[in-house]
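Here is the structure we will look at, set down as structure tokens.
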Amino acid sequence: MFMRGGTSKAAMFLAADLPADPEERDRLILALYGSPDPAGLQLNGIGGGTSSTSKAAVISPSGDSRADVDYLFLQVGIDKAEVDTTGNCGNISAAVGPFAIDKGLVQATGTLTRVRIRNVNTDTIIVAHVPTRDGAFDPRGDFAIPGVPGTGSAIRLDFEAPAGAVTGALLPSGAVLDELTVSWGTVHVSIVDAANPVVFVRAEDLGLRGGETREERNAPEVRARAAEIRAHGAVRAGMIRHVDDAPSTPAVPRVAVVTAPRDYRTAGGELVAADQVDVVAAMYSMGAAHAAYPFTGAIATAVAAQLAGSVVHEVARPTAGVFRIGHPGGVQELEAVVRRQDDGTWHVERVSSYRTARAIMGGELIVPPSYSPRS
């Protein structure tokens with residue numbers, strides 16, 4: 001089944017329908033997606049040529065008492081033969097509950113069905129509250145999310161205890177603020193791992209002001225700076241040993257560019273006023289400027305905003321309750337429950353937000369003749 005979850009799209013597979021061997025599974029996924037494609041178009045497969053549309057999910061019944069289903073997220077390379085399973089995708093997480101219900105892995109209960117999901121990539125639990133009707137997912141509703149035309153039913157996602165999802169620590173470097181030495185000088189960043197690790201940097205350190213168009217953010221010199229910060233941040237977070245190893249983890253950490261609330265226009269030309277947001281942010285994913293804002297990145301942003309001394313905390317408007325992120329697709333609202341403990345460390349109880357999802361098509365994928373299973 002091919003589904004949209006939030007602002008991303010993915011082919012949703014039952015684990016039983018794919019090779020059990022991870023290497024063989026990834027070879028098949030690459031063939032189905034048309035990767036690698038040097039032109040970056042994935043014309044020979046189902047990939048959409050962007051990081052948001054070159055994703056896959058593998059679902060199975062869970063043997064974990066905390067969950068109903070297991071969900072493995074795959075970020076499929078576009079111009080490279082790589083499948084990254086390091087982190088999770090929050091947007092595709094929104095499609096997992098509806099898929100599990102419609103495939104009979106979870107029985108619908110009334111008009112709202114609770115689906116407990118274990119993300120295999122990070123071993124974290126996501127609780128999806130899925131609208132249902134007549135025993136199936138009900139996609140109809142009037143809830144809209146930035147970056148997606150039209151409306152759908154609101155799916156609430158609770159990311160429980162998301163801190164340290166990939167690195168094992170909310171602050172992988174051990175500090176709320178780090179200084180990185182890069183080719184053009186030094187920059188201050190905050191590296192926060194909540195749902196996924198993100199390196200936060202002020203817009204001016206990339207030569208930006210905040211609120212730029214995607215084309216401006218994709219300018220070669222800006223992308224190069226973001227990539228360098230990402231590599232140094234990954235080293236500081238202990239994810240890699242040397243900056244040259246950054247390509248080994250292409251999906252994470254991501255880089256988020258933040259600035260104080262200001263008026264800006266979305267990719268669709270809509271004016272967002274400064275008083276409508278608590279921070280203005282943009283993100284780089286798989287080496288390019290993201291068209292909207294990844295959900296797991298938004299989770300890390302909402303958490304970072306509550307960490308005194310972080311880059312996000314310093315530029316964001318102080319808020320209690322709902323935190324509003326102004327990004328290229330619009331405004332995303334989240335609620336992060338973060339507490340400072342007696343020993344000075346931070347505990348993230350949960351981060352919640354709403355997404356929409358819908359099934360786009362179901363059927364069979366034709367395996368290209370170039371692919372053949374290894375014996």
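Keep in mind the model is a prediction, meaning the values are calculated, not measured. Scope of the values below: all heavy atoms of this structure, side chains included, with no hydrogens, waters or symmetry mates.
In this structure a side-chain-to-backbone donor-acceptor pair under 3.5 Å is present from R324 to Q276. Although no hydrogens or angles enter the test, the distance criterion places no donor-acceptor pair under 3.5 Å between the side chain of R340 and the main chain of A308. Judged purely by atom type and a 3.5 angstrom limit, R25 has no side-chain atom pairing as donor or acceptor with the backbone of A20. Under the 3.5 Å distance criterion, the side-chain polar atoms of S190 are matched with a main-chain donor or acceptor of V311. A donor-acceptor pair is defined here as one N or O able to donate and one able to accept, closer than 3.5 Å; such a pair exists between the side chain of D84 and the backbone of A251. The backbone N or O of G297 sits nowhere less than 3.5 Å from a side-chain atom of N196 that would complete a donor-acceptor pair. No donor-acceptor pair closer than 3.5 Å links the side chain of Q332 to the backbone N or O of P146. With T132 contributing its side chain and G110 its backbone, the two residues share a donor-acceptor pair below 3.5 Å. No donor-acceptor pair closer than 3.5 Å links the side chain of R156 to the backbone N or O of V127. Side-chain atoms of D278 never come within 3.5 Å of backbone atoms of R317 as a donor-acceptor pair (strictly under, hydrogens ignored).
Residue Y354 qualifies as open at atom OH: its count of foreign heavy atoms under 6.0 Å is 12 or below. For CD of E204, the number of neighbouring non-hydrogen atoms (other residues, nucleotides, ligands) closer than 6.0 Å is greater than 12. Atom CG of D245 has more than 12 heavy atoms from other residues, nucleotides or ligands within 6.0 Å. More than 12 heavy-atom neighbours from other residues, nucleotides or ligands sit within 6.0 angstrom of CG on D343. Under a cut-off of 6.0 angstrom, the local environment of CZ in R114 is sparse, with at most 12 non-hydrogen atoms contributed by other residues, nucleotides or ligands.
For T85 and N121, the side-chain atoms include no donor-acceptor pair closer than 3.5 Å. Using a 3.5 Å distance cut-off with no hydrogens or angles, the side chains of T249 and T86 do not pair a donor with an acceptor. Between the side chains of S93 and N88, at least one donor N or O lies within less than 3.5 Å of an accepting N or O. Judged by distance alone, the side chains of T356 and R358 never bring a donor and an acceptor atom under 3.5 Å apart. There is no side-chain donor-acceptor pair under 3.5 Å between S62 and D64. If you check the side chains of Q42 and S35, you find a donor sitting under 3.5 Å from an acceptor.
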Intermediate values then yes/no, side-chain contact (heavy atoms from CB on, under 4.5 Å), T186 and T181: CA-CA 4 Å; T186 60; T181 301; 4.1 Å; yes
Full working for side-chain contact (heavy atoms from CB on, under 4.5 Å) between M286 and K80: CA-CA 11 Å; M286 299 294 284; K80 298 181 177 65; over 6 Å; no
Residues L74, Y33; criterion side-chain contact (heavy atoms from CB on, under 4.5 Å); working and verdict: CA-CA 12 Å; L74 310 177; Y33 275 69; over 6 Å; no
Test log, rule side-chain contact (heavy atoms from CB on, under 4.5 Å), inputs E335 and R350: CA-CA 8 Å; E335 181 188 5; R350 66 170 172 83; 3.8 Å; yes
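Under the 4.5 Å side-chain criterion, counting only non-hydrogen atoms from C-beta, N44 is not in contact with D37. Residues M1 and K103 form a side-chain contact, since some pair of their non-hydrogen atoms from C-beta on lies under 4.5 Å apart. Contact of the R133 side chain with the R140 side chain is registered, since non-hydrogen atoms from C-beta on lie closer than 4.5 Å. Contact check for V279 versus F323: side-chain heavy atoms found under the 4.5 Å cut-off. Annotation: side chain of S8 is in contact with side chain of C89 (closest heavy-atom distance under 4.5 Å). Residues L14 and L105 have side chains in contact (heavy-atom distance under 4.5 Å, counting atoms from C-beta outward). Using a 4.5 Å heavy-atom threshold, the side chains of D21 and R374 count as separate. Here the side chains of F73 and T296 are not in contact, with every heavy-atom distance at 4.5 Å or above.
With F295 as the aromatic partner, R355 meets the cation-pi criteria of under 6.0 angstrom to the ring centre and within 45 degrees of the ring axis.
Rounding to the nearest 0.5 angstrom, the gap separating the CD1 atom in I126 from the CZ atom in F159 is 4.0 Å. Rounded to the nearest 0.5 Å, atoms CD1 (I191) and CG (L177) are 10.0 Å apart. For the atom pair S353 OG and I155 CD1, the distance stands at 11.5 Å (nearest 0.5 Å). In this structure, D275 CG and D263 CG are separated by 8.0 Å, a value rounded to the nearest 0.5 Å.
R225 has no carboxylate O lying under 4.0 Å from a charged side-chain N of E228, or vice versa, which leaves the two without a salt bridge.
Looking at D205, V243, V187 one by one, the single match for side chain to side chain contact (heavy atoms under 4.5 Å, CB included) with V182 turns out to be V187.
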